[in-house]
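The structure under discussion appears below in the form of structure tokens.
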Protein chains: 2
Amino acid sequence: MKRTITIKDVAKELSCSISTVSRAFNDKYDINPETRRKILERAREMGYTPNPLARRLPQHQTFLIGVVVPEFINAFFPRVIAGIQEIMLKAGYQVLIMSSNEDERNELEIVKKLEAYQVDGLIISFTYRSRDMSYFQSLIDRNFPIVQFNRVSSKLNTPKVIFDDYQWAACAVEHLIEQGNSRIYHFAGPGNMWVTQNRKRGFVDAMHKHGLPCGPETIFEAGIFSEDGAETARRLIQTGNIPQAIFCFNDPLAIGAMQEFKEHGYEIPRDVAFVGFTESSIARYVTPGLTSVEQPTQELGEKVARLLLELIRTHHPLLNQTLVLNGKLNIRRSSLRK
Amino acid sequence: MKRTITIKDVAKELSCSISTVSRAFNDKYDINPETRRKILERAREMGYTPNPLARRLPQHQTFLIGVVVPEFINAFFPRVIAGIQEIMLKAGYQVLIMSSNEDERNELEIVKKLEAYQVDGLIISFTYRSRDMSYFQSLIDRNFPIVQFNRVSSKLNTPKVIFDDYQWAACAVEHLIEQGNSRIYHFAGPGNMWVTQNRKRGFVDAMHKHGLPCGPETIFEAGIFSEDGAETARRLIQTGNIPQAIFCFNDPLAIGAMQEFKEHGYEIPRDVAFVGFTESSIARYVTPGLTSVEQPTQELGEKVARLLLELIRTHHPLLNQTLVLNGKLNIRRSSLRK
DNA sequence: CCCCGATTCGGAAACGTTTCCGTAAAATAA
DNA sequence: TTATTTTACGGAAACGTTTCCGAATCGGGG
């Protein structure tokens, strides 16, 4: 690698001081517009760009923000990240994306790395197992800007952006009820996840509201992957305990379960109807098409990004709100009893 | 944000010089193991971590590498990135992930940003429209370490890691031929992509080898998204020009086309058989399951990362090879005429 | 006891910027 | 004209490290 060309070279070339060159690039008042123009022009010719590393050192700002997600195999998080990038790039920030791979230890390490890299703020969606929040609490105590989304922890007092899981779970279940189903089961997500609780509450309350049974024997902690859905379906089939409809925590769960039922000769939606919760784009491509709650992923990302920017700027405690986003129910064949 | 604790604080606390503290952290020989131990211990107690920004300034190494991918909506690139991270993190590098969103202008801007951030190297997979390689050539001329993968440009003399598209396309087509199909069409990808050419050649050569017709009227430049597949299928259906089997450039194309055929009353694989090329994980969840070529995504990422590390270390021109990876054909119902 | 090499450490320059402070020149006011 | 403010710029410190160079200490061989 050749020696890169620095501010000194430009200063020497134009026989002026480095402070002047710096001022030209930072667009400060203390400079003649004419000289500024000249410097910028000549610098461009010389191929000079300020070294952001050195630049950030005295500035105590890195214009870097860290994003930690539990995975990006499913389409959900990548799309949120796309929304985040959209906003952040415009605001002059770079986004450091890291995946904890659903591993709490990884997660902590990554956050420490990001902290050591002096990121100006952090956007995080937790592992479904994350329990120990003490380190994050200490970060917050040190006034470090953090915004949570999707997989949030209620213990942490930061801005949060979540989807209204409760309402839309209820909506999905009511759709199943409207279709004439009364024996409805719920395949739930991992127990300690916030979203799991909310979707489960939505299920329970919707059932109660219509006077339908929904004891613990109708709720199964299935998990998060399609294999989990298949596994839980298999158990159901073995015991012969088949409901009319199943509301699933997410799409992979639903798709795994549907696959399993189909392989055992059940027809969907005739024998068992399904509703999922979209964290992927495959719902429309399975057969039959999977009715599913759609979340505004891109918008979610943008909201999160804007909140963090605001938090970095003002550190205003009033930002520690919980923003609840709306979605919609995409009705497809898997839930329709025509 | 409170003032962060620096090397000076540690030095003062232990009443030694900052150079000694620095040496302790950099594990250099010029230090008594005993003092080193003490310093490290006390520094940990004080909660000191070296500021990587400042650290990298005199070092002329950032331990940052940039990864530019055209998208990460499909599962393919995220998985490759997972492989890259795996290796890079172990080697002490951070990975800056950026998506060009299939936009050539974006791509160029991102690369310049990454360059300005002094990344130690670049891993890139090009936009399907990327044509102007002059800037990348200039980077290479300046001895900047670049590794290409998947969507590579043959104009650029760098290490490349690609999948053996030619061979596996041929393999996929031969599978269709073995199943008794003779009128086979190809839904190709965007024209200027390297991989498009290779998969197309695989198709053509396999057809020729078995004495089957494969003129230009059997090859359709469909695109890259499921909508493109649906669109192309629609055109075929309108003209009534239906082949026995279709070999698709990728899975989304195949899935979109299958959907379209199904909606028009065709049965798959009875009326039309399908084979795709996996850049996603949905092949097994559509109905019927989509026969598809599987690429070793994780391994690809790891190989790419190792090559870049080697390139950074040695700048050895011998590394400018093209690594060709192997895959496998996952046979599912969409192509089986039992 | 002296000299020399090895070991361990401190001082200071360097990395490429930004920014504070001061000053000369220019512009304005008296 | 002189006094005062404004404008434009240069010098230098600072940011938090690494690293070069030199010095002090120590041990051992002569």
Side-chain angles (χ1 to χ4, degrees), chain A residues 1-40 42-43 46-64 92 94 113 115-120, chain B residues 1-40 42-43 46-64 92 94 113 115-120:
Chain A
M1 294 268 288
K2 291 220 193 81
R3 200 184 72 81
T4 58
I5 162 169
T6 79
I7 198 171
K8 281 182 199 163
D9 302 317
V10 181
K12 196 180 293 172
E13 174 79 13
L14 284 138
S15 50
C16 67
S17 76
I18 55 171
S19 7
T20 308
V21 180
S22 172
R23 271 187 279 259
F25 271 89
N26 290 285
D27 201 3
K28 287 288 167 63
Y29 48 92
D30 242 16
I31 191 172
N32 188 322
E34 179 59 17
T35 40
R36 172 164 143 59
R37 203 190 50 70
K38 263 191 222 155
I39 291 175
L40 252 38
R42 191 78 192 89
M46 299 174 64
Y48 165 76
T49 36
N51 178 342
L53 246 72
R55 183 172 228 173
R56 276 147 22 188
L57 191 46
Q59 254 180 188
H60 274 288
Q61 269 205 45
T62 58
F63 290 101
L64 232 48
Q94 293 295 329
K113 268 259 169 81
E115 191 200 353
Y117 269 83
Q118 314 259 94
V119 292
D120 291 339
Chain B
M1 292 269 286
K2 292 222 194 80
R3 203 183 71 79
T4 58
I5 164 171
T6 78
I7 197 172
K8 282 181 198 163
D9 303 318
V10 181
K12 196 181 294 173
E13 174 78 15
L14 285 139
S15 50
C16 68
S17 76
I18 54 171
S19 9
T20 308
V21 179
S22 172
R23 270 187 280 259
F25 271 88
N26 290 284
D27 202 5
K28 289 288 168 60
Y29 50 93
D30 243 15
I31 192 173
N32 189 322
E34 178 60 16
T35 39
R36 176 171 183 311
R37 202 190 51 70
K38 264 191 219 151
I39 291 176
L40 254 37
R42 191 78 192 89
M46 299 174 65
Y48 165 76
T49 36
N51 178 343
L53 245 72
R55 184 172 228 175
R56 276 142 27 181
L57 193 47
Q59 256 181 183
H60 275 289
Q61 269 206 45
T62 58
F63 289 102
L64 230 49
Q94 293 295 327
K113 268 257 169 81
E115 191 199 352
Y117 269 83
Q118 314 257 96
V119 292
D120 291 340

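Model, not experiment: these values are computed from the prediction. Chain A is the first sequence line, chain B the second, and so forth, proteins listed ahead of strands; every chain is numbered from 1.
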Report the distance from atom [atom1] of [X] to atom [atom2] of [N], rounded to the nearest whole Å.
X	N	atom1	atom2	result
A/I7	D/dC9	CD1	P	14 Å
A/L53	C/dG16	CG	P	11 Å
A/R55	D/dC15	CZ	C1'	15 Å
A/Q118	D/dT17	CD	P	8 Å
B/L57	D/dG16	CG	P	12 Å
B/I18	D/dC20	CD1	P	15 Å
B/N26	D/dT19	CG	P	6 Å
B/N32	D/dC26	CG	P	13 Å

What nucleotide among [options] has an atom nearest to a side-chain atom of [X]?
X	options	result
A/N51	C/dT17, C/dT8, D/dG16	C/dT17
A/S19	C/dT19, C/dA12, C/dT17	C/dT19
A/P58	D/dC20, D/dA14, D/dG10	D/dA14
A/T20	D/dG10, C/dT18, D/dA8	D/dG10
B/A54	D/dG16, C/dG16, C/dT18	D/dG16

Side-chain N or O of B/T6 versus OP1/OP2 of D/dC15: is the shortest distance under 4.0 Å?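 Checking D/dC15 against B/T6, no side-chain N or O comes under 4.0 Å of OP1 or OP2.
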When rounded to the nearest 0.5 angstrom, what distance separates CG in B/L53 from CG in A/L53?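 Going from CG on B/L53 over to CG on A/L53, the span is 5.0 Å.
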Review point. Could one point to a donor on the side chain of B/D30 or the base of C/dC9 with an acceptor on the other under 3.5 Å away?
Key: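 Counting by modelled atom types and ignoring angles, a donor-acceptor contact under 3.5 Å is found here.
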With distance as the sole criterion, do the side chain of B/R56 and the base of C/dG16 form a donor-acceptor contact below 3.5 Å? no
- Message: A/R23 and side-chain contact (heavy atoms from CB on, under 4.5 Å): which single residue from A/I39, A/T35, A/D30 fits?
- Response: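 Passing option: A/D30.
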Check: B/T20/B/S17 side-chain N/O donor and acceptor closer than 3.5 Å:
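Yes, B/S17 and B/T20 have a side-chain donor paired with an acceptor closer than 3.5 Å.
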Next on the checklist: For B/Q61, is there any backbone N or O sitting under 3.5 Å from a side-chain donor or acceptor partner on B/D120?
Outcome noted: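 No.
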| said: Any side-chain to backbone donor/acceptor pair from B/D9 onto B/I5? Under 3.5 Å, distance only. | reply: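 Not at all, since once roles are kept as given, no pair shorter than 3.5 Å links the two residues.
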inquiry  = Please classify the nucleic acid contact of A/Y48 as base, sugar-phosphate, or nothing, using heavy-atom distances under 4.0 Å.
reply    =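 Touches sugar-phosphate only.
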